[in-house]
Amino acid sequence: MRKIGLLGGTFDPVHNGHLLAAQAALESANLEEVWFIPTNTPPHKPQPGADSGMRRRMLEEAIAGNRNFKLNEIELQREGTSYTIETVTALQQQHRNLMFYWIVGSDMVKDLPNWRQIDELAERLTFIGLERPDQPGDEEQLPDFIRNRLQRAAMPPMGISSTDIRRRVKEGRSIRYMLPDSVAEFIQRNGLYES
């Protein structure tokens, strides 16, 4: 059965940290592909600054040329708040021959018990928790049904965030080397995050 990693997020904008996370998960869990799933309406974050069309186009630019990285628009096509359980359920109905893994950062692992229908979600897939050297995992705090469905993957430290990129653009500072050149050019060309 083909193994597919799912990486959700607002990607506002996508940056090199996202790409590195996807690559680390791909190699660690021997995944065939990683699907980037941009969120429509995130349940635990403010609404993204760039609209869904712009975020989709930045993702297309960022993953172009990597045959293992794909864009999946399932959450952009669905109305309302983007809950992971609904996304995974729909993907499993569409792709019965695939085995899914949900990729999360080490800072999000401890929050897994608060995810909607986490017990059902844990039955449906395996989580890949990306662990940075400066943020060791804290999985002892997790319930057994989550801990038993969690794989750890090492991720090199990379202090890049979408929030910092948006702030730098607004302040007129450089974002070079923080994200693919094609995405930086897209942001500049469309005047994203300038105000």
Side-chain angles (χ1 to χ4, degrees), residues 2-29 31-84 86-88 90-95 98 100-105 108 125 128 130 153 155-156 158 160-170 173-195:
R2 297 172 60 206
K3 297 164 63 175
I4 305 295
L6 306 174
L7 182 60
T10 56
F11 303 111
D12 185 31
V14 59
H15 55 68
N16 288 341
H18 296 126
L19 302 174
L20 183 62
Q23 188 66 33
L26 184 86
E27 294 174 2
S28 175
L31 304 175
E32 191 163 321
E33 294 176 351
V34 173
W35 295 357
F36 290 75
I37 303 177
T39 302
N40 184 23
T41 303
H44 304 299
K45 283 185 162 185
Q47 190 65 19
D51 66 35
S52 59
M54 293 289 188
R55 292 184 289 121
R56 176 181 51 78
R57 289 176 59 189
M58 287 190 282
L59 268 170
E60 289 172 341
E61 293 281 352
I63 66 176
N66 188 327
R67 64 182 176 83
N68 299 112
F69 289 176
K70 309 288 184 199
L71 172 66
N72 186 296
E73 300 182 58
I74 188 170
E75 291 190 356
L76 296 182
Q77 296 165 348
R78 194 172 64 225
E79 296 290 324
T81 304
S82 302
Y83 290 108
T84 304
E86 295 171 5
T87 300
V88 170
L91 288 175
Q92 288 180 325
Q93 290 170 350
Q94 295 170 10
H95 308 279
L98 302 181
F100 291 110
Y101 295 72
W102 195 269
I103 302 165
V104 293
M108 291 297 295
L125 50 65
I128 298 176
L130 297 170
M155 179 170 164
M158 180 175 268
I160 298 175
S161 73
S162 297
T163 301
D164 187 35
I165 290 171
R166 293 193 302 270
R167 183 172 42 244
R168 283 172 171 268
V169 171
K170 187 174 182 179
R173 299 165 61 197
S174 174
I175 55 173
R176 194 171 189 189
Y177 307 123
M178 300 179 78
L179 65 178
D181 288 345
S182 59
V183 179
E185 290 164 8
F186 183 90
I187 290 170
Q188 184 178 22
R189 193 167 57 247
N190 290 280
L192 291 176
Y193 312 123
E194 291 179 353
S195 59

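Computed from a prediction, not measured in an experiment: that's the story for all the values here. When reading the values below, keep in mind they use all heavy atoms of this one structure, side chains included, and skip hydrogens, waters and symmetry mates.
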Query - Heavy-atom closest pair, residues Ala62 and Ser182 - result: N-OG, 4.4 Å

Requested in this report: Please check if atom CZ in Arg67 has more than 12 non-hydrogen atoms from other residues, nucleotides or ligands closer than 6.0 Å.
Outcome: no

Query - Under 3.5 Å donor-acceptor, Asn40 side chain and Thr81 backbone - result: no

Query raised in the report: Taking side chain as C-beta onward, heavy atoms only, is Pro38 less than 4.5 Å from Leu71?
Result: yes

Report task. To the nearest 0.5 angstrom, please state how far the OG atom of Ser52 sits from the CD atom of Glu73. Result -> 8.5 Å

Requested in this report: Please lay out, stage by stage, how Leu20 and Ile160 fare under the test side chain to side chain contact (heavy atoms under 4.5 Å, CB included).
Outcome: CA-CA 11 Å; Leu20 183 62; Ile160 298 175; over 6 Å; no

Report task. Side-chain contact test, heavy atoms from C-beta onward, threshold under 4.5 Å: evaluate it for Val14 versus Glu61 and give yes or no. Result -> no

Requested in this report: Inspect the surroundings of CD in Gln188 and state if more than 12 heavy atoms from other residues, nucleotides or ligands are less than 6.0 Å away.
Outcome: no

Requested in this report: Could you grab the distance from atom CD1 of Ile74 to atom CG of Leu6, nearest 0.5 Å is fine?
Outcome: 9.5 Å

Query raised in the report: Any sub-3.5 Å donor-acceptor pair from Lys70's side-chain atoms to Glu33's backbone N or O?
Result: no

Query raised in the report: With Arg168, which residues qualify under side-chain contact (heavy atoms from CB on, under 4.5 Å), at least two apart?
Result: Asp164, Arg173, Ile175, Met178

**Report entry** side-chain contact (heavy atoms from CB on, under 4.5 Å) partner of Leu91, the single match among Ile37, Leu125, Ile4
**Finding:** Ile37

**Report entry** pair Met54-Asp51: side-chain heavy atoms closer than 4.5 Å
**Finding:** yes

Query raised in the report: Tell me, do Leu192 and Met58 make a side-chain contact under 4.5 Å, heavy atoms counted?
Result: yes

Query raised in the report: What are the two closest heavy atoms between Ala22 and Leu7, and how far apart are they?
Result: CB-CD2, 4.2 Å

Report task. Taking all non-hydrogen atoms of both residues into account, name the closest pair between Arg78 and Ser82 and its distance. Result -> NH2-CA, 3.9 Å

Report task. Report the distance from atom CD of Glu75 to atom OG1 of Thr10, rounding to the nearest 0.5 Å. Result -> 11.0 Å

Query raised in the report: Looking at side-chain heavy atoms only, is the closest gap between Asn66 and Leu19 below 4.5 Å?
Result: no

Report task. Report the distance from atom OG of Ser161 to atom NE2 of His18, rounding to the nearest 0.5 Å. Result -> 9.0 Å

Query raised in the report: Is the backbone of Pro13 close enough, under 3.5 Å, to the side chain of Ser162 for a donor and an acceptor to pair up by distance?
Result: yes

Query raised in the report: If you measure from CZ on Arg56 to CG on Leu76, what distance do you get to the nearest 0.5 Å?
Result: 8.0 Å

Query raised in the report: Is there a donor-acceptor pair closer than 3.5 Å between any side-chain N or O of Asp12 and the backbone N or O of Ala50?
Result: yes

Requested in this report: Would you sort out whether Val183 and Phe11 count as a side chain to side chain contact (heavy atoms under 4.5 Å, CB included), showing the intermediate values?
Outcome: CA-CA 11 Å; Val183 179; Phe11 303 111; over 6 Å; no

Query - Glu79 atom CD: more than 12 heavy-atom contacts under 6.0 Å - result: no

Query raised in the report: Between atom OH of Tyr193 and atom CD1 of Ile165, what is the distance when rounded to the nearest 0.5 Å?
Result: 8.5 Å

Query raised in the report: How about Arg55 and Thr39: does a side-chain donor come under 3.5 Å of a side-chain acceptor?
Result: no

